[in-house]
Each structure stands twice: as structure tokens, then as C-alpha cells.
Amino acid sequence: MSKKVSIVMGSQSDFKIMKLSQKILRLLNISFETKIISAHRTPERMFKYAKNAEKNGISVIIAGAGGSAHLPGMISALTTIPVLGVPIESKKLKGLDSLLSIAQMPKGIPVGTLAIGEDGAINAALLAASIIGIDNPTINKRLKSWRLTQTKSVKKNPK
């Protein structure tokens with residue numbers, strides 16, 4: 001079965017950040033799906049999604065959430081698939097609340113927590129590629145090529 005990444009977010013407003021995960025996965029030619037799943041407003045949808053993720057061929061879950069940001073942790077509590085949490089910037093606390101909610105998980109329920117916002121969404125996709133690339137030489141090669149291109153883009157001298 002082909003490896004697939006699932007990108008989930010708590011609301012439509014999170015998509016402006018989470019679409020950056022999609023962009024990286026497309027560049028690396030990694031199969032993905034994107035869904036809106038709210039831990040608070042659609043808990044039954046979240047439960048069904050998390051319980052069936054492995055059966056549905058999901059290898060890594062990237063979960064973006066803002067505010068109380070329970071989505072990544074709740075999904076992690078329901079599956080053994082790696083969950084990468086992307087804190088979405090909030091209006092009141094600039095995403096610090098989201099970051100702390102995702103990072104401060106109780107022992108036994110791990111969530112790999114990334115940076116707040118755009119950098120986190122991009123790095124979550126790259127980390128998902130690294131995880132899948134462990135046993136997929138094609139994806140590993142694509143990721144190495146992407147990293148080499150990034151390295152080559154840095155000028156040696158200012159102009």
C-alpha cells in the first residue's frame with residue numbers, strides 16, 4: 001500500500017497555513033488528503049477519522065489547530081500513527097496558547113510539535129517526508145534533492 005499523509009485542521013480558517021503542507025507534499029510527490037476535523041465541534045468525526053486512519057492507509061498525520069488546539073493530541077490518543085502538530089496563530093495570544101496546548105501532552109500520548117504558523121506547516125510536511133522516507137528510497141531521494149536545492153539557493157557572498 002502506498003504511503004499517504006493526512007493533513008487535518010480544526011477549521012476552514014486554518015487552511016491558509018495548512019495549504020503550505022500540501023505545497024511541500026506536492027513538490028515531493030507524496031500522496032496526501034486534506035480534511036477539516038474539529039476536536040470540539042465535530043468530535044464524532046474526529047473519533048471515526050482517528051480510529052480508521054491506519055485502515056485508510058494513512059502513514060503520518062499533520063494536524064493544525066489554534067487556540068486550545070486539542071486536535072493533534074486527541075487524534076494521537078486514538079491512534080499509533082505519528083501525529084505532527086502545527087500550532088496555528090491565534091488572535092489573542094499569537095499562537096503561544098496553541099503551541100503550549102500541542103507541546104504539553106501527558107506522557108504516553110506523543111505529538112511531534114512544530115513551530116507556530118507557516119514554518120511549522122512547511123516543516124511538518126518535510127518531517128512527514130522524512131518519516132515515510134525511512135523505508136521508501138524514492139521519497140528519501142526526493143527529500144535529499146529538495147534539501148540540496150535549498151542549500152544551493154544560499155549565496156556565498158552578498159551582492
Side-chain angles (χ1 to χ4, degrees), residues 1-91 94-95 97-103 105 109-136 138-143 145-147 149-150:
M1 183 180 288
S2 117
K3 305 284 186 166
K4 183 165 62 171
V5 175
S6 185
I7 302 168
V8 296
M9 63 209 78
S11 67
Q12 178 65 47
S13 63
D14 298 338
F15 186 59
K16 67 181 179 285
I17 298 298
M18 300 310 294
K19 68 183 176 185
L20 297 170
S21 292
Q22 287 184 332
K23 181 179 178 182
I24 294 296
L25 294 172
R26 273 193 198 101
L27 282 171
L28 297 173
N29 199 23
I30 295 172
S31 188
F32 67 90
E33 66 178 24
T34 307
K35 297 179 180 291
I36 296 174
I37 301 172
S38 171
H40 301 109
R41 293 182 299 269
T42 63
E44 289 178 15
R45 183 188 308 171
M46 182 207 59
F47 186 86
K48 183 177 177 185
Y49 163 83
K51 290 305 248 180
N52 292 301
E54 189 171 0
K55 181 178 77 174
N56 290 329
I58 305 302
S59 298
V60 179
I61 297 168
I62 299 172
S68 59
H70 290 126
L71 183 64
M74 290 301 297
I75 290 173
S76 182
L78 295 166
T79 184
T80 58
I81 294 170
V83 177
L84 307 177
V86 178
I88 303 295
E89 187 172 328
S90 58
K91 291 176 185 167
K94 303 292 183 207
D97 49 346
S98 310
L99 174 65
L100 294 175
S101 291
I102 296 171
M105 292 300 299
I109 310 296
V111 174
T113 308
L114 285 298
I116 297 168
E118 293 181 0
D119 292 353
I122 291 167
N123 283 339
L126 293 168
L127 186 54
S130 294
I131 292 167
I132 293 171
I134 290 170
D135 62 2
N136 186 318
T138 303
I139 290 175
N140 186 284
K141 184 177 178 181
R142 287 183 203 140
L143 181 59
S145 176
W146 187 91
R147 299 275 304 259
T149 300
Q150 182 184 28

Test item: Leu28 and Ile139 side chains (from C-beta on) under 4.5 Å apart, heavy atoms: no
Point-to-point distance, once rounded to the nearest 0.5 Å, from CD1 of Ile75 to OG of Ser6: 7.5 Å
Shortest non-hydrogen contact from Ala124 toward Leu84: O-CD1, 3.4 Å
Heavy-atom side-chain contact between Ser59 and Ile131 under 4.5 Å: no
Pairwise distance NZ(Lys94) to CD1(Ile116) - rounded to 0.5 angstrom: 11.0 Å
Reference residue Leu20; test side-chain contact (heavy atoms from CB on, under 4.5 Å); the match among Ile122, Val86, Asp119: Ile122
Minimum-distance pair of heavy atoms, taken over all atoms of Lys51 and Leu78: CD-O, 3.6 Å
Spacing of OG belonging to Ser76 relative to CG belonging to Leu71, to within rounding of 0.5 Å: 11.0 Å
4.5 Å side-chain heavy-atom contact, Phe32 and Ser21: no
Interatomic distance, Asp97 atom CG to Ser68 atom OG [nearest 0.5 angstrom]: 8.0 Å
Minimal non-hydrogen separation, Ile30 against Ala129, with atom names: CD1-CB, 3.6 Å
Test item: Thr34 and Met18 side chains (from C-beta on) under 4.5 Å apart, heavy atoms: no
Short side-chain to backbone donor-acceptor contact, Ser90 and Gly67, under 3.5 Å: no
Ile88 side, atom CD1; Met9 side, atom CE - distance, nearest 0.5 Å: 8.0 Å
Any side-chain heavy-atom pair of Met74 and Pro43 under 4.5 Å: no
Minimum heavy-atom distance between Ala128 and Ile62, given as atom pair plus value: CB-CD1, 4.2 Å
Sub-4.5 Å side-chain heavy-atom contact between Phe15 and Gln12: yes
Check: Leu25 and Ile7 side chains under 4.5 Å, non-hydrogen atoms: yes
Close side-chain approach of Ile102 to Leu114, heavy-atom, < 4.5 Å: no
